[in-house]
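Working notes, structure below.
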Amino acid sequence: MILCIDDEPTGLMVRKILLQRQGYEVLTALSGPEGLELFADNPVDAVVVDYSMPGMNGDQVAAEMKRLKPSVKILLYSAYVDLPEDAMKWVDRRAVKGVSPTSFLAELQQLLSC
């Protein structure tokens, strides 16, 4: 099961459809707190989380998820090229928004194979 967290509803819906077409079971959340609630209540194998979100950014979400389940795989998915160094501390991989769906899926496959 993959949990996608992003405050942009359209991008979140597109990612969900793309992943479901690849055979994944997908949960979505529009905020960090909503994502953490779903994470706590479901057997999540991997997380795709946006960095910049109101209230709680992606690295804060990732830190809490790793505290709860250190083995979870987390992909930080952001349009920001220059992220703070600390942003990468709790994530396993990073991908840049705006790349092709094929590139996004390749990043996710690499994440899941680690």
Side-chain angles (χ1 to χ4, degrees):
M1 180 177 301
I2 298 176
L3 170 60
C4 295
I5 308 168
D6 196 327
D7 62 323
E8 297 175 8
T10 303
L12 193 60
M13 182 181 63
V14 168
R15 248 168 271 130
K16 180 178 182 174
I17 292 167
L18 178 66
L19 293 170
Q20 286 176 330
R21 287 184 178 169
Q22 296 298 311
Y24 294 106
E25 188 174 346
V26 182
L27 297 172
T28 59
L30 288 166
S31 69
E34 182 184 354
L36 287 170
E37 188 174 316
L38 286 171
F39 183 77
D41 294 341
N42 294 278
V44 173
D45 301 303
V47 179
V48 177
V49 62
D50 184 26
Y51 175 74
S52 181
M53 297 182 289
M56 185 177 210
N57 64 33
D59 64 337
Q60 293 168 318
V61 174
E64 181 62 14
M65 288 179 172
K66 287 287 189 175
R67 185 186 71 74
L68 295 170
K69 183 179 176 183
S71 64
V72 69
K73 304 289 186 180
I74 300 177
L75 175 69
L76 185 64
Y77 194 54
S78 177
Y80 291 98
V81 177
D82 295 323
L83 293 174
E85 252 183 68
D86 287 352
M88 296 301 297
K89 184 176 181 179
W90 302 105
V91 300
D92 300 290
R93 290 192 69 81
R94 179 176 188 265
V96 178
K97 281 184 177 180
V99 297
S100 71
T102 305
S103 295
F104 168 71
L105 289 172
E107 288 290 340
L108 185 62
Q109 285 297 330
Q110 288 181 7
L111 175 75
L112 294 172
S113 67
C114 296

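Just so we're clear, the structure is a prediction, and the values are computed from it rather than from any experiment. Residue indices begin at 1 and follow the sequence shown.
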Residue pairs meeting salt bridge (Lys or Arg N to Asp or Glu O under 4.0 Å), one or both in residues 3-14, sequence neighbours left out, come to D6-R15, D6-K97, E8-K97

pair L19-C4: side-chain heavy atoms closer than 4.5 Å
yes

For Q110, side-chain hydrogen bond (donor to acceptor under 3.5 Å, both in side chains) partners two or more places apart:
R93

Treating Ile, Leu, Val, Met, Phe, Trp and Tyr as nodes and any side-chain heavy-atom pair under 4.5 angstrom as an edge, say whether L3 and V61 lie in one connected cluster.
yes

Determine, using the 4.5 Å side-chain heavy-atom cutoff (strictly less than), whether M65 and L68 are members of one ILVMFWY cluster.
yes

Apply salt bridge (charged side-chain N to carboxylate O under 4.0 Å, His left out) to residues K66 and D92 and explain how you reach the verdict.
CA-CA 10 Å; K66 287 287 189 175; D92 300 290; 3.0 Å; yes

According to side-chain hydrogen bond (donor to acceptor under 3.5 Å, both in side chains), who are the partners of K73, at least two apart in sequence or on a separate chain?
none

All N/O donor-acceptor pairs, side-chain side in residues 26-44, below 3.5 Å, sequence neighbours left out:
residue: S31; atom: OG; partner: E34; partner atom: N; Å: 3.2
residue: E34; atom: OE1; partner: L30; partner atom: N; Å: 3.0
residue: N42; atom: ND2; partner: L38; partner atom: O; Å: 2.8

Find the distance between CG (L76) and OH (Y51) and round it off to the nearest 0.5 Å.
8.5 Å

Taking everything shown except E25 itself, do over 12 heavy atoms lie less than 6.0 Å from its CD?
no

So, do L75 and F104 sit near enough that their side-chain heavy atoms are less than 4.5 Å apart?
yes

Is it true that atom NZ of K89 has more than 12 heavy atoms of other residues, nucleotides or ligands lying nearer than 6.0 Å?
no

Scanning both residues in full, the closest heavy-atom pair of L111 with A46 reads CD2-CB, 4.3 Å

Residue list, side-chain hydrogen bond (donor to acceptor under 3.5 Å, both in side chains) with R67, at least two apart or on another chain:
E64

Hits for side-chain hydrogen bond (donor to acceptor under 3.5 Å, both in side chains) against S113, two or more places apart or cross-chain, chain-then-number order -> none

Test item: D45 side-chain N/O and M1 main-chain N/O as donor-acceptor pair under 3.5 Å:
yes

When rounded to the nearest 0.5 angstrom, what distance separates CD1 in I5 from CE in M56?
9.0 Å

Separation between CG of L105 and OH of Y24, rounded to the nearest 0.5 Å
7.0 Å

Closest non-hydrogen atoms of A62 and V91, given as atom of the first, atom of the second and distance, are CB-CG1, 3.8 Å

Answer yes if V49 and I2 sit in the same cluster of Ile, Leu, Val, Met, Phe, Trp and Tyr residues linked by side chain heavy atoms under 4.5 Å apart, and no otherwise.
no

Taking M53 as the starting point, is it possible to reach V47 by hopping between hydrophobic residues whose side chains are less than 4.5 Å apart?
yes

If I compare all heavy atoms of P101 with all of L18, which pair ends up nearest, and what's the gap?
CB-CD2, 3.9 Å

